[in-house]
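Down below is the structure, laid out as structure tokens.
The structure presented is a predicted model; accordingly, all values stated were derived computationally and were not measured. So you know, we letter chains A, B, ... as the sequences are listed, proteins then strands, and number each from 1.
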Amino acid sequence: MFKREFIRDILAKSRELEGLTIRVCGWVYRIRDLGGVRFIILRDRTGVIQSVFKRGDTPDHILKIAEDTREEGILCVDGILRRAPTREGYEILALDAKILSNPIEPLPLETHDSLKASLPTRLKYRWLDARNPKVSKIFQLKSWVARKFREYYSSQGFIEIFTPKIVASGTESGADVFSVLYFDRIAYLAQSPQFYKQFAVIAGFEKVYEVGPVFRAEPHHTTRHLNEYHSLDIEIGFIESFHDVMDYVEGFFRKLAEDSRREEEIKGMLEEFEVEPIEIPETGIPRIPIRRVYEILASEYGKKIPYGEDLDPEGEKLIGNYVKEKYKSDLVFIIEYPWKIRPFYTMRKEDEPSWTYSFDLLLRGLEVVTGGQREHRYEKLKQNLKDKGLAEQDFQYYLDFFKYGVPPHGGAGMGLERITMQILRLQNIREARLLPRDTERITP
RNA sequence: GCCGCGGUAGUAUAGCCUGGACCAGUAUGCGGGCCUGUCAAGCCCGUGACCCGGGUUCAAAUCCCGGCCGCGGCGCCA
């Protein structure tokens, strides 16, 4: 490895390093050439620092190297750390330097200004776009969300599982999945780990979570859909009701809300994106039956959703605004969805079988989590399949899971990119995916 | 899948409605020059574009048709 230190660490130790010779390696962020003095701002993953090449102080052959330097090239600078009137308060007076790599042609995207380019252009040159520190922060936040997910559910006694992404059938009807040639057969890319996380509970792991890719073959043209994204999944055995599942989901979001107020790095990111941390009231995230939501939308906003139908995007936004004003909550559980719009494995209400023990969680007016209690009784599950008009034999391997002792269980799936998008209030979910796959895009 | 909007230098845009003075303007980038404290550095010079094909017209970046590509709304969903 190159002997180097991260810029953030150097600045953190600036008092003790002041006056000493140090080395910084990174990308050339900006060059300001004033003739006798040339400022080269270096950037690494952790920050930026100014190096200064000055006639009289820097050896002449090193000044020559500075002249050859191009923006976004890779440069190592050895020099003396000293105080300077820069944003960081310090700079490096260059005594030695080496170009490790220089661009071979003009850049198609100005890295430090990449947010001014259109999204298609940014995605086309994503490896340059992502060098923009602000863009990079999106992915650092996404990484933080995924880490919190693992930490939270691990701390609650969940076991991480890793399930196949090449599967024999879809989780719902077989539609909306990508087919792949699997030797001499057709297989599919998993649209959800649904069946296998239930499998894991039934297999005795009791409480499990998974972070993994899911694939949706739907030709969406929206700012909130991807054909490949990462799903944060949980599944829990021995629940008494679907409220237990919501409690676990709520615990995770509460952790996100609290830690984003506590951790300096995250606070800094939210400030840079000019967004507030997630707000959750002391009394908890409101849990509103969808039948009540129909009423609220109609009476408060004059918005008519056909009874028994799903909310449309406008309805979700409106109810998001409603709970923000009324409960000071960025989140709302909408519960007891109609059976007709939920998958066959959803448990129906005992007393009202056209409604279910299921829920969605909306974050700032966008659905980010779906979950519920699963039907764990073999005969009822078969009946559900029948009621959905699905062929039993297509799901036989799944039905077999339910033959030999199944605890009542439920779970939820959360869209990592949607959570990231909503926390930072990004305009397009593609911004929250390093290399988005959508209807047209499979490169880079 | 249905519907709508768009495509001008590397990037971002003006011009298009109302065809002609547009061999296409501006900013930034890029190349060169000046400048020893910049921090969106500044100043000077240069560079570079009308998506493709067909049509209308004396004349098309501008109007019409087709194609390709992009974006968005809905549906569906995380």
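Of the candidate nucleotides B/rG37, B/rA78, B/rC77, B/rG37 has the atom lying nearest to any side-chain atom of A/K54. With B/rG75, B/rG70, B/rC2 as the choices, the nucleotide that has an atom nearest any side-chain atom of A/P313 turns out to be B/rG75. Taking the side chain of A/H220 as heavy atoms from C-beta on, and the options B/rU36, B/rA78, B/rG70, the nearest nucleotide is B/rA78. In this structure, of B/rC30, B/rG75, B/rC2, it is B/rG75 that holds the atom nearest to the side chain of A/H225. With distances taken from any side-chain atom of A/V37 to the nucleotides B/rG37, B/rA40, B/rC76, the minimum falls on B/rG37. Closest to the side chain of A/T223, from the set B/rG75, B/rG72, B/rA41, is B/rG72. Nearest to the side chain of A/R30, among B/rG37, B/rA41, B/rG70, sits B/rA41. Taking every side-chain heavy atom of A/Q50 into account, B/rG37 is the closest of B/rG1, B/rA78, B/rG37. Here the side chain of A/A117 is nearest to one of B/rU38, B/rG10, B/rU11, namely B/rU11.
A gap of 9 Å separates the P atoms of B/rG20 and B/rC16, to the nearest Å. Between B/rA61 and B/rA21, the distance separating the two P atoms is 9 Å to the nearest Å. Nucleotides B/rU62 and B/rA24 place their P atoms 16 Å apart, quoted to the nearest Å. Rounded to whole Å, the C1' atom of B/rU13 lies 13 Å from the corresponding atom of B/rC50. Between the C1' atoms of B/rA14 and B/rC68, the separation comes to 26 Å (whole Å). Atom name C1', nucleotides B/rG67 and B/rC30: the rounded distance is 34 Å, in whole Å.
Checking A/L366 against A/K116, the closest nucleotide of RNA chain B that is more toward the 5' end is the one next to A/K116. For the pair A/P85 and A/I429, both in contact range of RNA chain B, the more 5′-proximal nearest nucleotide belongs to A/P85.
Within the nucleic acid shown, A/P219 comes within 4.0 Å of at least one base atom, counting heavy atoms only. Nucleic acid contact class of A/E88 (heavy atoms, under 4.0 Å, all strands): none. A/L226 comes within 4.0 angstrom of a base, heavy atoms only. Note on A/R82: a base of the nucleic acid sits closer than 4.0 angstrom, heavy atoms only.
Here the rule is ring-ring contact (aromatic ring centres under 6.0 Å, His included) with A/F333, and of A/F242, A/F253, A/F359 only A/F359 fits it.
Remark: A/T86 is not in phosphate contact with B/rC39, judged by side-chain N or O atoms under 4.0 Å from OP1 or OP2. Here A/N428 reaches the OP1 or OP2 of B/rG72: one of its side-chain N or O atoms lies under 4.0 Å away. The phosphate of B/rG31 has OP1 or OP2 within less than 4.0 Å of a side-chain N or O from A/R70. For B/rA78, neither phosphate oxygen OP1 nor OP2 lies less than 4.0 angstrom from any side-chain nitrogen or oxygen of A/R418. Side-chain nitrogen and oxygen atoms of A/S118 include none within less than 4.0 Å of the OP1 or OP2 phosphate oxygen of B/rC71. Dashed line: the shortest gap from a side-chain N or O of A/T121 to OP1 or OP2 of B/rA12 is under 4.0 Å. The shortest distance between the side-chain N/O atoms of A/R32 and the OP1/OP2 oxygens of B/rG42 is not below 4.0 Å. Phosphate proximity of B/rG70 to A/R430: absent, as no side-chain N or O sits under 4.0 Å from OP1 or OP2. The shortest distance between the side-chain N/O atoms of A/R342 and the OP1/OP2 oxygens of B/rC76 is not below 4.0 Å. Taking 4.0 angstrom as the limit, A/R224 places a side-chain polar atom (N or O) nearer than this to OP1 or OP2 of B/rC74.
Scanning both residues, A/P408 and A/Q373, for their nearest heavy atoms gives CB-NE2, 4.0 Å.
In RNA chain B, stems built from 3 or more consecutive Watson-Crick or G-U wobble pairs, each with both distances under 3.5 Å, span B:1-7 with B:68-74, B:10-13 with B:25-28, B:29-34 with B:42-47, B:51-55 with B:63-67.
Ion pairing between A/D68 and A/K64 holds under the 4.0 Å rule for side-chain N and carboxylate O. Between A/D247 and A/R287, at least one side-chain N (NZ, or NE/NH1/NH2) sits under 4.0 Å from a carboxylate O, which counts as a salt bridge.
At a threshold of 4.5 Å between non-hydrogen side-chain atoms, the residues A/L107 and A/Y125 do not count as touching. Side-chain contact between A/F215 and A/V177 is absent, with no heavy atoms from C-beta onward closer than 4.5 Å. Proximity of A/E440 to A/D438: side-chain heavy atoms (C-beta onward) are separated by under 4.5 Å at one or more points.
Contact annotation: side chain of A/Q427 to base of B/rG72, donor-acceptor pair absent below 3.5 Å.
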A/Y209 and A/F252: CA distance, side-chain angles, deciding distance, ring pair (Phe, Tyr, Trp, His ring centres under 6.0 Å) verdict: CA-CA 12 Å; A/Y209 70 90; A/F252 169 56; over 10 Å; no

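In this pair, A/F39 does not lay its aromatic ring on the base of B/rG37; centres under 5.5 Å and planes under 30 degrees do not both hold.
Note: CG (A/D176) to C1' (B/rG75) measures 11 Å, nearest angstrom. In this structure, the CZ atom of A/F215 is 14 Å from the C1' atom of B/rA78, given to the nearest Å.
Ring orientation note: the planes of A/Y322 and A/Y327 are nearly perpendicular, at an angle over 60° on the 30°/60° scale. A/F395 and A/F195 have perpendicular rings, their planes meeting at more than 60° on a 0 to 90° scale where under 30° would count as parallel. Taking the six-membered ring where the residue is Trp, A/Y196 and A/F401 present tilted rings, their angle falling between 30° and 60°.
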Close N/O contacts between protein and nucleotides 25-28 of chain B (under 3.5 Å):
unit_1	atom_1	unit_2	atom_2	d
B/rU28	O2'	A/E110	OE1	2.5
B/rU28	O2'	A/E110	OE2	3.3

